[in-house]
Visitor: 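Following this message is one structure expressed as structure tokens.
Throughout, a chain's letter reflects where its sequence line sits, starting with A, and its residues are numbered from 1.
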There are 4 protein chains.
Amino acid sequence: MEFNDHKPIYLQIADTVCDKILSGEWNAEDRVPSVRELGMTLGVNPNTIMRSYEYLQTINVIYNKRGVGYFVDPSAKDAIINQERRIFLEEELPKILNKMKLLNINPEDIFSIKNN
Amino acid sequence: MEFNDHKPIYLQIADTVCDKILSGEWNAEDRVPSVRELGMTLGVNPNTIMRSYEYLQTINVIYNKRGVGYFVDPSAKDAIINQERRIFLEEELPKILNKMKLLNINPEDIFSIKNN
Amino acid sequence: MEFNDHKPIYLQIADTVCDKILSGEWNAEDRVPSVRELGMTLGVNPNTIMRSYEYLQTINVIYNKRGVGYFVDPSAKDAIINQERRIFLEEELPKILNKMKLLNINPEDIFSIKNN
Amino acid sequence: MEFNDHKPIYLQIADTVCDKILSGEWNAEDRVPSVRELGMTLGVNPNTIMRSYEYLQTINVIYNKRGVGYFVDPSAKDAIINQERRIFLEEELPKILNKMKLLNINPEDIFSIKNN
DNA sequence: GTGGTCTAGACCACC
DNA sequence: GTGGTCTAGACCACA
């Protein structure tokens with residue numbers, strides 16, 4: 001896995017976990033890889049994976065069964081989508097639209113790209 | 001001014017300077033506020049403002065007259081627009097469209113807002 | 001059964017066993033559930049129940065008849081009461097009272113509830 | 001500083017920070033010691049202090065000014081008291097009262113200790 | 001100077 | 001086997 005430089009690895013890993021849940025690759029109650037296992041797979045230190053999992057736990061995407069492992073929270077998918085929709089619509093979109101206005105970019109420009 | 005976390009303050013300040021130039025609030029050859037003055041206004045260490053100005057100078061948005069101050073470069077507006085258009089269309093937009101797809105947000109619905 | 005985080009499950013189980021003995025639900029020489037049976041009931045690995053029982057055996061609350069099962073020790077009730085009274089009064093209560101003081105909770109108000 | 005064995009050091013440190021705020025030793029907007037400084041003082045690794053501070057930040061007891069340090073949140077005191085009162089009254093107290101009942105401990109026993 | 005991230009490696013309790 | 005905590009030490013960006 002390649003990591004973008006200016007975003008912490010542990011957050012990038014958390015993002016990919018969310019993506020796998022959103023895409024249906026990992027489903028409710030599935031066990032996610034152990035910190036050691038995923039660390040080996042991605043070539044990063046288990047501590048870093050641990051940090052991802054702690055973060056994902058605080059936002060209720062995974063939960064822990066002690067001594068057993070981490071599991072996908074049944075409400076994870078909804079939680080992720082709602083959270084991201086809210087952030088996107090309320091915070092990111094206004095900035096994007098404002099930027100488009102300043103840069104004189106029209107919707108047509110966008111749709112022409114989209115259809116490539 | 002509130003500073004969005006995870007993006008360096010000096011870059012956020014540089015962004016607002018660019019915005020003021022793009023929007024026409026600050027024009028070619030206008031003097032921009034002194035490092036100290038803007039620092040006071042924003043409640044930020046002057047060193048941080050200095051860093052913004054140095055950055056803006058490297059991308060030819062402002063220039064310096066020694067002992068006098070910083071001024072808006074005549075070619076700033078065009079430079080910013082071209083640079084940011086390129087980045088926006090090539091790098092940011094694909095990510096945005098992909099995200100909207102994952103979140104089930106229809107681009108047509110959103111960008112038609114612009115026409116209201 | 002829900003398990004309070006940060007306290008080992010096997011100790012939480014041991015606590016509930018003690019409670020059942022204190023409350024008179026389980027009496028001297030009664031047979032306690034088998035490791036497998038209680039594991040099923042609580043949705044917990046039998047190894048964990050085993051660990052509870054081993055612990056309860058070391059503090060003389062239950063004893064084992066090989067091939068038969070675990071039984072409530074005749075002296076269990078007294079032993080538990082004396083042990084827990086001591087711990088409660090000497091160790092826990094001072095902390096509790098101190099905390100109530102910090103939180104502005106009046107002990108008289110609270111403990112008079114008991115008399116209702 | 002002495003650390004209790006079965007509670008993570010970083011939580012114990014967080015507790016002492018809360019105590020200092022509750023007791024008025026540290027007030028709103030005060031700067032708390034840097035992670036390195038407090039690490040030296042307590043003889044623990046700065047990473048461990050960092051972990052305490054991250055935790056305290058998530059529960060809105062301190063906040064961060066980038067490149068400057070951590071500061072006591074103006075609402076910290078109220079937040080801590082409300083949070084701890086709630087936990088105490090709703091979660092801990094019922095257990096305590098139940099335990100007292102099982103152990104035949106009367107309020108009088110408590111007040112006699114309290115007055116020593 | 002400050003916090004923040006990451007690695008390597010150790011040790012522990014728990015299941 | 002699992003997660004969880006802690007240390008030591010490195011390196012980085014930011015103010």
Visitor: Grab the CD1-C1' distance between C:Ile13 and E:dC14 for me, whole Å please.
Guide: 12 Å
Visitor: Rounded to whole angstrom units, what separation is found between the NZ atom of A:Lys65 and the C1' atom of F:dG1?
Guide: 15 Å
Visitor: Report the distance from atom CD1 of D:Ile62 to atom C1' of E:dT2, rounded to the nearest whole Å.
Guide: 13 Å
Visitor: Round to a whole Å and report the spacing from CZ of A:Arg31 to P of F:dG1.
Guide: 12 Å
Visitor: F:dG3 C1' sits how many Å from A:Glu37 CD, rounded?
Guide: 14 Å
Visitor: Can you confirm whether the side chains of B:Glu29 and B:Tyr63 place a donor and an acceptor under 3.5 Å from each other?
Guide: yes
Visitor: Distances under 3.5 Å only, N/O to N/O: pair up the protein atoms with those of nucleotides 5-9 of chain E.
Guide:
{"residue": "E:dT5", "atom": "OP2", "partner": "A:Arg51", "partner atom": "NH2", "Å": "2.6"}
{"residue": "E:dC6", "atom": "OP1", "partner": "A:Ile9", "partner atom": "N", "Å": "2.2"}
{"residue": "E:dC6", "atom": "OP2", "partner": "A:Tyr10", "partner atom": "N", "Å": "3.4"}
{"residue": "E:dT7", "atom": "OP2", "partner": "A:Asn45", "partner atom": "N", "Å": "3.2"}
{"residue": "E:dT7", "atom": "OP2", "partner": "A:Thr48", "partner atom": "OG1", "Å": "2.5"}
{"residue": "E:dA8", "atom": "N7", "partner": "A:Asn45", "partner atom": "ND2", "Å": "2.9"}
{"residue": "E:dA8", "atom": "N6", "partner": "A:Asn47", "partner atom": "ND2", "Å": "2.8"}
{"residue": "E:dG9", "atom": "O6", "partner": "A:Asn47", "partner atom": "ND2", "Å": "2.8"}

Visitor: What's the shortest heavy-atom distance between B:Met50 and B:Val35, and which atoms?
Guide: SD-CG2, 3.8 Å
Visitor: Want to know the stems of DNA chain F: at least 3 consecutive Watson-Crick or G-U pairs with distances under 3.5 Å, which are they?
Guide: E:1-14 with F:1-14
Visitor: Rounded to the nearest angstrom, tell me the gap between atom CD1 in C:Ile49 and atom P in E:dC15.
Guide: 10 Å
Visitor: Which heavy atom of B:Ala14 sits nearest to which heavy atom of B:Ser52, and what is that distance?
Guide: N-OG, 4.1 Å
Visitor: Cation over ring, D:Lys99 on C:Phe88, under 6.0 Å and within 45°?
Guide: no
Visitor: Write down the atom of A:Glu25, the atom of A:Asp30, and the distance for their closest heavy-atom approach.
Guide: O-OD2, 4.4 Å
Visitor: Given the ring of C:Phe71, does C:Lys65 sit roughly above its face, with NZ or CZ under 6.0 Å from the centre of the six-membered ring and within 45° of the axis?
Guide: yes
Visitor: Applying salt bridge (Lys or Arg N to Asp or Glu O under 4.0 Å) to A:Arg86 and A:Glu92, what does each step give before you reach the verdict?
Guide: CA-CA 9 Å; A:Arg86 197 188 56 72; A:Glu92 297 177 1; over 6 Å; no
Visitor: If you assign A:Ser34 and D:Val68 each to the DNA chain F nucleotide with the nearest heavy atom, which residue ends up on the more 5' nucleotide?
Guide: A:Ser34
Visitor: Looking only at side-chain N and O atoms, does D:Arg66 come under 4.0 Å of OP1 or OP2 in E:dG3?
Guide: no
Visitor: Taking OP1 and OP2 of F:dG4, is either one under 4.0 Å from a side-chain nitrogen or oxygen of A:Tyr70?
Guide: yes
Visitor: State whether the distance check finds a donor on one side and an acceptor on the other, under 3.5 Å, for side chain D:Arg36 versus base E:dG1.
Guide: no
Visitor: Quick check on side chain to side chain contact (heavy atoms under 4.5 Å, CB included): which of B:Val32, B:Asn64, B:Val61 does B:Tyr53 satisfy it with?
Guide: B:Val32
Visitor: Measure across C:Asp73 and C:Asn60 and return the closest heavy-atom pair with its distance rounded to 0.1 Å.
Guide: CB-O, 3.5 Å
